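A quick note: this is a predicted structure, and the numbers were derived from the prediction, not measured. In what follows, every chain begins at residue 1, and chains take the letters A, B, ... in the order their sequences are listed.
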Amino acid sequence: MGRVFLGEPVVLYRKQGGTPVALEDRCCHRQLPLSMGKLEGDELRCGYHGLKFDASGTCVEIPGQSNIPPQARVRAYPVLEKFGWVWIWMGDPAKADPALIPNWWWAEHPDWAFSRPDPIYVRCNYQLISDNVLDVTHLAYVHATSIGASSITEFPATTEREERLVRLTRWILDRPPPPLYRDAGGFEGNVDRWQIVEHVPPCFSVNFAGCKDAGKRIDLMALSAPTPESEKTTHYFFGFVRNFGLGDAAIERVFDVDFVRVFNEDIPVLEAQQRMLDLKPDARKIDLAVDAAPLAARRMLEGFIARET
Amino acid sequence: MGRVFLGEPVVLYRKQGGTPVALEDRCCHRQLPLSMGKLEGDELRCGYHGLKFDASGTCVEIPGQSNIPPQARVRAYPVLEKFGWVWIWMGDPAKADPALIPNWWWAEHPDWAFSRPDPIYVRCNYQLISDNVLDVTHLAYVHATSIGASSITEFPATTEREERLVRLTRWILDRPPPPLYRDAGGFEGNVDRWQIVEHVPPCFSVNFAGCKDAGKRIDLMALSAPTPESEKTTHYFFGFVRNFGLGDAAIERVFDVDFVRVFNEDIPVLEAQQRMLDLKPDARKIDLAVDAAPLAARRMLEGFIARET
Amino acid sequence: MGRVFLGEPVVLYRKQGGTPVALEDRCCHRQLPLSMGKLEGDELRCGYHGLKFDASGTCVEIPGQSNIPPQARVRAYPVLEKFGWVWIWMGDPAKADPALIPNWWWAEHPDWAFSRPDPIYVRCNYQLISDNVLDVTHLAYVHATSIGASSITEFPATTEREERLVRLTRWILDRPPPPLYRDAGGFEGNVDRWQIVEHVPPCFSVNFAGCKDAGKRIDLMALSAPTPESEKTTHYFFGFVRNFGLGDAAIERVFDVDFVRVFNEDIPVLEAQQRMLDLKPDARKIDLAVDAAPLAARRMLEGFIARET
């Protein structure tokens with residue numbers, strides 16, 4: 001499978017044992033994408049002149065030539081399969097650190113169900129998606145007919161900054177649960193609900209939601225991992241975990257179908273923002289109270305980038 | 001309705017009383033086009049975070065925030081509905097002057113019929129349209145099978161320049177009227193005909209046509225108001241007024257259908273010119289006698305622009 | 001017929017006697033492509049204002065104007081019809097030299113059949129096509145299921161450089177003929193086969209192929225004349241000549257259908273190379289032994305260009 005990440009062409013395949021491999025999707029000889037070639041065991045052969053590369057990106061065969069020059073290699077990207085997704089490190093391989101992968105353990109835990117729809121291809125910069133995820137005010141407008149709630153501003157939200165985390169928190173106390181929660185958790189009276197977003201630079205977010213009363217509690221999280229293709233296009237990976245309704249087809253459908261529709265409501269908004277930014281990149285804009293968390297995330301990322309360079 | 005004029009996004013709506021409003025089609029907060037929002041009475045609410053703007057472009061509500069910063073506003077463009085069209089002033093609002101709208105009073109007068117087809121979206125610079133309108137020689141070639149006349153050069157045309165007007169005039173004296181005129185006016189012998197184009201910078205033209213004999217006279221005018229979207233695309237607004245055949249379905253059809261087809265004959269020409277200009281912007285070109293009026297119009301416009309800047 | 005060659009718009013037509021003419025496809029007056037006009041005898045009239053040009057590019061009539069200024073002319077390109085194709089010289093007309101047209105006499109000789117499929121429009125630089133034609137190693141990979149042979153590297157290839165020619169030669173001695181050759185030539189035992197590519201700058205190649213035994217010999221050549229439209233797009237003209245199977249419908253079909261399919265197998269490869277070059281023009285690349293001939297051709301062309309400028 002060939003994809004472009006951060007402007008770099010990447011070919012993804014699995015070894016016979018299943019281990020994922022990510023190589024530069026451009027033969028070092030005459031630039032054909034290796035994704036147009038074919039797998040031979042754990043190795044990948046270019047479809048133009050037959051150069052064969054192993055999983056480290058080293059060329060191991062040049063048809064019609066016995067010596068293989070040391071520069072005959074393509075870049076190999078560290079990858080790791082975890083929490084139901086393959087994670088790729090696009091930077092200096094020496095700095096790849098599995099500990100930087102967000103700990104989304106629910107996705108692999110038997111007490112939790114993981115809904116993982118197809119990623120959405122969005123024509124916008126990935127940071128517009130992080131802004132969107134870190135902002136629960138837009139629910140009332142973009143998602144007015146689906147999950148929107150008009151009472152969102154009744155309880156204030158707080159923004160916290162940690163070394164490598166921005167957290168937005170809102171508690172809605174002693175109120176009736178929304179129908180999905182009431183039915184799923186069997187709540188009979190009022191509940192306390194939360195909307196918490198934890199964002200880790202550069203682009204990983206978990207939206208925690210759920211509710212509880214004195215005796216019961218249900219949890220669901222939306223996981224967001226927008227993966228930049230270019231400055232203006234993004235593969236938007238997302239999914240949902242929950243600890244209720246496991247094996248319940250109706251609830252499964254809520255997450256596999258209804259919530260995907262909710263995420264799709266954001267796409268025209270995100271793409272229109274990008275079009276407006278393209279039309280006039282330096283158009284005046286103002287920041288509001290609801291931007292505290294998205295701005296904190298952008299500044300945290302800028303800080304990381306500044307320290308790197 | 002969202003449109004782009006001169007590279008600026010504009011949202012157009014009507015107040016409940018019908019008055020047209022034109023605002024910047026880009027929320028001052030996070031750049032969503034306001035045309036993706038919804039009208040609430042005379043005000044427009046953004047579809048992303050719910051900021052509400054009044055017809056002056058002032059933000060009058062920010063959900064979840066009591067104070068509204070003074071910079072929370074979008075640009076408002078002066079607009080005026082007149083002669084069946086909405087006219088917008090894209091420049092400094094203080095300089096908007098209704099007197100600059102060309103006086104196309106026939107469009108609103110009961111003795112005249114006004115045919116107003118849908119504007120045509122043309123992939124060319126608006127000045128190529130003004131060139132086209134100010135040039136009646138092309139009728140013989142572009143419109144050979146519709147309104148073209150081979151005898152166009154029998155009578156010379158003159159070009160006059162006033163302070164804010166270029167006028168091209170040709171009289172065709174003592175000749176048989178074309179069938180449309182003959183039937184519409186009931187002429188029995190020869191007539192005098194005229195083709196007069198009055199062009200007002202930056203882009204408004206009236207093509208006067210008609211004929212008369214000792215006793216009768218009929219008039220028709222083509223009104224052109226090409227409205228630039230970008231340097232290379234234009235919303236071509238046009239229409240026809242006439243003082244004959246009012247209520248006559250056959251004549252109405254001539255203007256609503258046949259003349260629209262004539263205007264559409266110009267579109268491939270205009271777009272091919274633009275493609276050639278894009279391919280080689282500095283290609284050599286020569287001017288001919290027939291270019292006197294279009295060149296006068298271009299120079300007049302250049303003069304206005306130079307004085308402004 | 002209007003086409004773009006080397007970024008220049010060209011209109012092609014035939015005089016009444018059949019002689020081909022190539023003129024600048026852009027009226028010197030207002031840039032309309034003359035290919036949107038109409039032929040009047042041996043002359044071409046612009047479809048906008050009716051300027052008429054003769055086959056030398058000279059304007060011979062301006063409607064409504066008696067004097068014709070000397071600058072009223074479009075560029076005329078030397079053309080010559082030869083070997084079943086029309087050849088155009090895009091440079092200084094004084095330097096046009098029919099002797100520079102490659103001598104593909106088989107295309108016009110009665111002992112040879114000439115198959116001449118429609119040119120293919122390829123979204124790549126023309127030099128990628130020359131690289132491809134001068135490289136027979138790719139047969140084993142790109143054309144694995146059609147004409148590819150796994151034994152290609154058993155016999156070495158040599159590269160020769162002449163003043164205005166690069167030649168790649170490989171002989172495959174004393175081996176069974178492939179089925180097409182065996183059936184067409186009636187060979188019963190082993191044969192000697194050849195693969196010879198002669199490339200003449202800037203972009204003309206002949207791929208000689210065929211086989212012989214002590215008594216018989218069959219020849220076929222693929223002729224390639226990729227014609228650049230722009231830096232990144234090419235009209236790929238190609239054809240095949242052969243001295244066997246004349247009038248044999250089955251063999252004709254091999255060349256008109258099967259070999260065209262083979263050429264089409266290269267198109268996705270060529271266009272993917274161009275996309276990768278666009279994505280990162282300065283991506284690292286290495287050269288291999290099989291690149292000797294393509295590199296020699298590129299260097300020879302660079303030499304010609306350097307001497308010209």
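The two atoms that bring A:Y48 and C:L128 nearest to each other are OH-O, 4.5 Å, heavy atoms only. Summarising the geometry of A:M36 relative to C:A272, their closest heavy-atom pair is SD-CB, 3.4 Å, with the distance given to 0.1 Å. Taking all atoms of both residues into account, the shortest heavy-atom contact from C:A283 to A:Q31 is O-NE2, 4.1 Å.
With a 4.5 Å cut-off on side-chain heavy atoms, A:P9 and C:M276 count as touching. Side-chain contact between C:V290 and A:Q65 is absent, with no heavy atoms from C-beta onward closer than 4.5 Å.
C:E160 CD: more than 12 foreign heavy atoms inside a 6.0 Å radius.
Both the backbone and the side chain of C:N132 come within contact range of chain A, with heavy atoms under 4.5 Å apart. With a threshold of 4.5 angstrom between heavy atoms, A:D25 approaches chain C through N, CA, C or O but not through any side-chain atom.
Contacts of residues 292-309 of chain C with chain A at a heavy-atom distance below 4.5 Å involve C:L295, listed in sequence order. At a heavy-atom separation below 4.5 angstrom, chain C is approached by no residue within residues 79-102 of chain A.
Judged by distance alone, with hydrogens and angles left aside, the side-chain atoms of C:Q273 form a donor-acceptor pair with the main-chain N or O of A:R30 at under 3.5 Å. Remark: side-chain polar atoms of A:R45 are not paired, donor with acceptor, to backbone N or O of C:Y141 under 3.5 angstrom.
For the side chain to side chain contact (heavy atoms under 4.5 Å, CB included) test with A:H49, the passing option among C:V142, C:L288, C:T137 is C:T137; the others fail.
Rounded to the nearest 0.5 Å, atoms CD (A:E24) and CZ (C:R284) are 6.5 Å apart. With rounding to the nearest 0.5 angstrom, the NE2 atom of C:H138 is 11.5 Å from the CG atom of A:L32. The distance from the CD1 atom of C:I286 to the CD1 atom of A:I62 is 5.5 Å, given to the nearest 0.5 Å.
Most heavy-atom pairs under 4.5 Å with chain C, from the set A:P69, A:G50, A:A72: that is A:G50.
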*asked:* For C:D287 and A:H29: C-alpha separation, side-chain torsions, deciding distance, then whether side chain to side chain donor-acceptor pair (under 3.5 Å) applies.
replied: CA-CA 6 Å; C:D287 299 322; A:H29 174 223; 5.8 Å; no

*Decide side-chain contact (heavy atoms from CB on, under 4.5 Å) for C:K280 and A:E8; before the verdict, give the C-alpha distance in whole Å, the side-chain angles of both, and the deciding distance to 0.1 Å.*
CA-CA 8 Å; C:K280 199 168 178 181; A:E8 290 287 332; 3.1 Å; yes

